[in-house]
There are 2 protein chains.
Amino acid sequence: MLAYIEAMSNTPFVAVIDLLRASALIQERFAGELGSVHGLALGEALLLMHLERAPLQRLTRVDLAKRLHASASTVTRMAAPLEKTGFVIRQSDPRDARLAYVALTEAGLAAVREVRQTLEKRSAELFRDRWSEDDIAALAHLLGRLTAGEPGTLV
Amino acid sequence: MLAYIEAMSNTPFVAVIDLLRASALIQERFAGELGSVHGLALGEALLLMHLERAPLQRLTRVDLAKRLHASASTVTRMAAPLEKTGFVIRQSDPRDARLAYVALTEAGLAAVREVRQTLEKRSAELFRDRWSEDDIAALAHLLGRLTAGEPGTLV
DNA sequence: CCAATATACTTGCATACGGAAGTATGTTGG
DNA sequence: CCAACATACTTCCGTATGCAAGTATATTGG
């Protein structure tokens with residue numbers, strides 16, 4: 001009862017805690033199939049999805065870092081194996097030699113489209129039980145407001 | 001426009017993607033102050049909060065692992081520095097010698113209460129702009145449905 | 001023009017994580 | 001009773017991450 005009262009008076013905190021728990025749950029549930037079926041980590045999939053939605057389907061490493069909420073060094077190291085697989089290639093900017101774009105290849109585009117389908121399937125399964133279309137839409141809308149200020153689009 | 005149509009027909013996917021992004025955003029924003037003010041990582045704070053809400057304010061390592069969506073080895077290693085700090089102590093079960101409880105100490109209880117206050121403040125700030133009480137409550141309720149099956153209570 | 005500063009990226013280092021293997025204890029079926 | 005299996009925990013190993021430092025290029029202010 002006390003927990004209930006406390007929860008009612010601390011709605012933002014409850015939302016944040018449940019959001020973190022839901023995120024961990026989703027990552028746990030999605031990572032396995034993503035790795036075994038597509039050979040990609042969740043982070044790599046998100047990286048490719050950002051590229052897919054970017055102009056010219058390419059982004060600099062710092063832009064990717066901001067979109068992925070990761071450090072620049074992490075992006076550098078994430079790009080290396082994807083480059084080796086042939087999903088991305090390195091491109092330089094003739095006007096600014098500091099920039100090293102991570103650009104999606106044809107193979108990468110094909111891969112990210114398959115990955116997206118897998119993620120869509122699993123996402124739908126997540127709400128299969130006792131969730132109305134309106135509930136899901138409401139959740140998506142509210143979460144969208146939280147991420148409204150973030151750079152980049154993934155869907 | 002195409003993205004808009006696609007988004008509308010893939011609401012579960014949109015919700016999942018935005019949930020992951022919101023989670024990364026929150027972790028990024030909370031981790032700094034949590035570390036500098038309380039000397040704790042976000043994961044350590046969640047561990048202590050689980051202990052605070054558990055019966056006898058203690059849990060076995062496997063229970064903690066389930067609640068934290070972490071591996072058993074991770075919990076073992078997370079508990080070590082907390083034990084060194086004096087926030088938790090190791091307890092054994094007289095009936096089952098395999099069990100090694102992680103139990104909250106008085107110092108740990110004091111620490112987790114302060115951490116909780118910090119998290120509550122930051123959580124409130126997250127919704128300070130353009131969020132009505134009803135919006136926050138709706139979000140908390142929907143996220144609560146996602147984590148309803150999870151073991152343990154944090155709020 | 002150029003010195004100072006800012007930006008983009010990479011690499012070294014310390015830390016954190018999951019999975020597999022190992023150890024210890026508990027449970028179960030014959 | 002005890003052999004086979006299950007459970008709880010720890011340690012080892014490979015991998016991933018952030019931060020700080022280093023390099024290279026671009027921009028800015030005098």
How close do [X] and [Y] get, counting heavy atoms only, and between which atoms?
{"X": "B/A45", "Y": "B/L34", "value": "CB-CD2, 3.9 Å"}
{"X": "B/G152", "Y": "A/R21", "value": "O-NH2, 3.3 Å"}
{"X": "A/L51", "Y": "A/L59", "value": "CD2-N, 3.7 Å"}

Residue from B/L46, B/L40, B/L48, B/L42 passing side chain to side chain contact (heavy atoms under 4.5 Å, CB included) with B/E44: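 By the side chain to side chain contact (heavy atoms under 4.5 Å, CB included) criterion, B/E44 pairs with just one of B/L46, B/L40, B/L48, B/L42: B/L40.
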For atom [atom1] of [X] and atom [atom2] of [N], their distance in whole Å:
{"X": "B/R98", "N": "D/dT10", "atom1": "CZ", "atom2": "C1'", "answer": "15 Å"}
{"X": "A/L64", "N": "C/dC9", "atom1": "CG", "atom2": "C1'", "answer": "13 Å"}
{"X": "A/M78", "N": "C/dT11", "atom1": "CE", "atom2": "C1'", "answer": "18 Å"}
{"X": "A/K66", "N": "C/dA8", "atom1": "NZ", "atom2": "P", "answer": "6 Å"}
{"X": "A/R61", "N": "D/dT25", "atom1": "CZ", "atom2": "P", "answer": "16 Å"}
{"X": "A/L99", "N": "D/dT23", "atom1": "CG", "atom2": "P", "answer": "21 Å"}
{"X": "A/R58", "N": "C/dC9", "atom1": "CZ", "atom2": "P", "answer": "12 Å"}
{"X": "A/R77", "N": "D/dC19", "atom1": "CZ", "atom2": "C1'", "answer": "10 Å"}

Close residues, residues 30-42 of chain B, relative to DNA chain C [heavy-atom separation under 4.0 Å]: none
Members of residues 90-97 of chain B that approach DNA chain C, where some heavy atom sits under 4.0 Å away: B/R95, B/D96, B/A97
N or O in side chain of B/T76 less than 4.0 angstrom from D/dT10 OP1/OP2: yes
Polar side-chain atom of A/S23 near backbone of B/S23 as donor-acceptor pair, under 3.5 Å: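 It does not hold such a pair.
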Expected output: side-chain A/S36 to main-chain A/G32 donor-acceptor under 3.5 Å: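 Yes: the side chain of A/S36 pairs with the backbone of A/G32.
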Any side-chain donor near an acceptor of the partner, B/H69 and A/Q27, under 3.5 Å: no
Within one Ile-Leu-Val-Met-Phe-Trp-Tyr cluster: B/L25 and A/L20, side-chain cutoff 4.5 Å: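 Result: yes, single cluster for both.
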hydrophobic_cluster_shared for B/Y101 and B/L109, side chain cutoff 4.5 Å: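 Result: no, two separate clusters.
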Residue whose nearest DNA chain D nucleotide is more 5′ - B/L59 or A/A70: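 Going by which nucleotide is closer to the 5' end, it is B/L59.
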Among D/dC9, C/dT10, C/dC9, the nucleotide that comes nearest once only the side chain of A/T60 is considered: C/dC9
Donor/acceptor link under 3.5 angstrom from A/S73 side chain onto base of D/dC19: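 Side chain to base: pair present.
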